[in-house]
Amino acid sequence: MAKSSIAILGGDLRQCYTAEYLLSCGFHVTCFHTPDFPYNPGIVLENDLTLALSQAEIVLLPTPLSKDGSRLFQADGQYQPCPLEELWKTIAPGQTLAVYSLSSDKIQELEEKNCRVFQFSQSPVFARENALLTAEGLLSEVIRFTPFSLSSARTLLLGYGCCGSAIGTLLHPLCRSIYLLEQDQEKRALAEKKGICPIQKKDFAAVLPHCNLVVNTIPAAVLEPEWIQELPGSCHIFDIASSPFGFPGNVTEDYLLPYFRLPGLPGRFSPAAAGQITGKTIERITDYVI
């Protein structure tokens, strides 16, 4: 069976390695505003969005889709910004969009246009493998930015989904203790079996003043301002959640706490592996969906 044609838009080095992988699998690959990279000659590089999408059956959007909510995530300063509105207008009926995640309103709008939307964050295989890369990248950043050893650190982990579970598994042997805030009872039980201590908000008064490290994986505010104030000044907060994140951007200014937003960790630390994971996910889409 002939392989599909795919347009790969914007993003970081993950998109480049995805392009290389899919070309090796026989796909017809066009890249639009992806980073400068030693591409295989078989990959078409296109600077015109309309031309890039004109022959594509599949359109792979970057992760994250946008950094500012209005323009496509592209390599910094390399190309003219591509407004998202221009992208949505250029997408043609019948095309399949592969994207990490997308709002339900936008999915409905695209489906009304007779487009398919595949959110690969909902693929269990992708989520599990991507979470492992995220955990590795986080560990690197924690070691880089914290002045204390993990063996002495009391850590509060917010959320125990795929990323939270992978992070907890990686950090548990290294940290003095890990506390978990998670509403789902089954996830709490799984964490407890791994030696992680689930807590509830009623435990905050006893836990928060002693935390050295907070890792957030939930894209929503979990710690209210009065609880953020209970964290000691030496506590470092690492937020890996997608927008709208788990903490306001002014945490350092308002609470004098070191705060780091770390989106796209696989793209920064493991772009080759992350790109291959995405490429394999695209293969599954073409084999079983399209």
### Query
Under a 4.5 Å side-chain heavy-atom rule over Ile, Leu, Val, Met, Phe, Trp and Tyr, are Leu262 and Val222 clustered together?
no
### Query
Do the ring planes of Phe148 and His236 sit parallel (below 30°), tilted (30 to 60°) or perpendicular (above 60°)?
perpendicular
### Query
Are the side chain of Gln276 and the backbone of Tyr17 linked by a donor-acceptor contact shorter than 3.5 Å?
no
### Message
When you compare the side chains of Ser149 and Ser152, does any donor N or O come within less than 3.5 Å of an acceptor on the partner?
### Response
yes
### Task
List for me each residue that meets salt bridge (charged side-chain N to carboxylate O under 4.0 Å, His left out) alongside Asp68, sequence neighbours excluded, and say none if there are none.
Arg71
#### Entry: Heavy-atom donor-acceptor pair, Ser165 side chain to Cys162 backbone, under 3.5 Å
no
### Message
Please check: side-chain N/O of Gln15 versus main-chain N/O of Ile8, any donor-acceptor pairing under 3.5 Å?
### Response
no
### Task
Please check if Ile91 and Leu84 belong to a single hydrophobic cluster, counting links between Ile, Leu, Val, Met, Phe, Trp and Tyr side chain heavy atoms closer than 4.5 Å.
yes
### Query
Quick one: do Leu157 and Phe204 end up in the same hydrophobic cluster if we chain Ile, Leu, Val, Met, Phe, Trp and Tyr together by side-chain heavy atoms under 4.5 Å apart?
no
### Message
In terms of relative ring orientation, are Phe238 and Phe145 parallel, tilted or perpendicular, with 30° and 60° separating the classes?
### Response
tilted
### Task
With rounding to the nearest 0.5 Å, note down the distance linking CG in Asp48 to NE2 in His33.
8.5 Å
#### Entry: With Glu109 via salt bridge (charged side-chain N to carboxylate O under 4.0 Å, His left out) - residues at least two apart
Lys106
### Message
Determine whether a donor-acceptor pair (N or O, by modelled atom type, separation under 3.5 Å) exists between the side chain of Asn212 and the backbone of Arg154.
### Response
yes
#### Entry: Path from Val59 to Ile107 over hydrophobic side-chain contacts below 4.5 Å
yes
### Under 3.5 Å donor-acceptor, Gln95 side chain and Leu53 backbone
yes
#### Entry: Between Phe32 and Tyr79, ring centroids under 6.0 Å
no
### Query
Yes or no on side-chain contact (heavy atoms from CB on, under 4.5 Å) for Arg261 and Ile240, after CA distance, side-chain angles and deciding distance?
CA-CA 6 Å; Arg261 280 185 178 173; Ile240 69 160; over 6 Å; no
### Query
For the side chain of Thr96 and the backbone of Arg116, is there at least one donor-acceptor N/O pair under 3.5 Å apart?
no
### Query
Thr34 and Tyr39: side-chain donor and acceptor closer than 3.5 Å?
yes
### Query
Between Glu129 and Lys280, is the closest basic N to carboxylate O distance under 4.0 Å?
no
### Message
Please say yes or no: joined through hydrophobic side-chain contacts below 4.5 Å, possibly via intermediate residues, are Tyr255 and Phe260 part of one cluster?
### Response
no
### Query
Backbone N or O of Pro266 within a donor-acceptor pair of the Ser270 side chain at under 3.5 Å?
no
### Query
Can you tell me if Thr278 uses its side chain to pair, donor with acceptor, with the backbone of Ala274 under 3.5 Å?
yes
### Query
In Å, rounded to the nearest 0.5 Å, how long is the span from CG of Leu208 to CD of Gln229?
11.5 Å
### Task
Check the side chains of Tyr259 and Asp239 for a donor-acceptor pair under 3.5 angstrom, ignoring hydrogens and angles.
yes
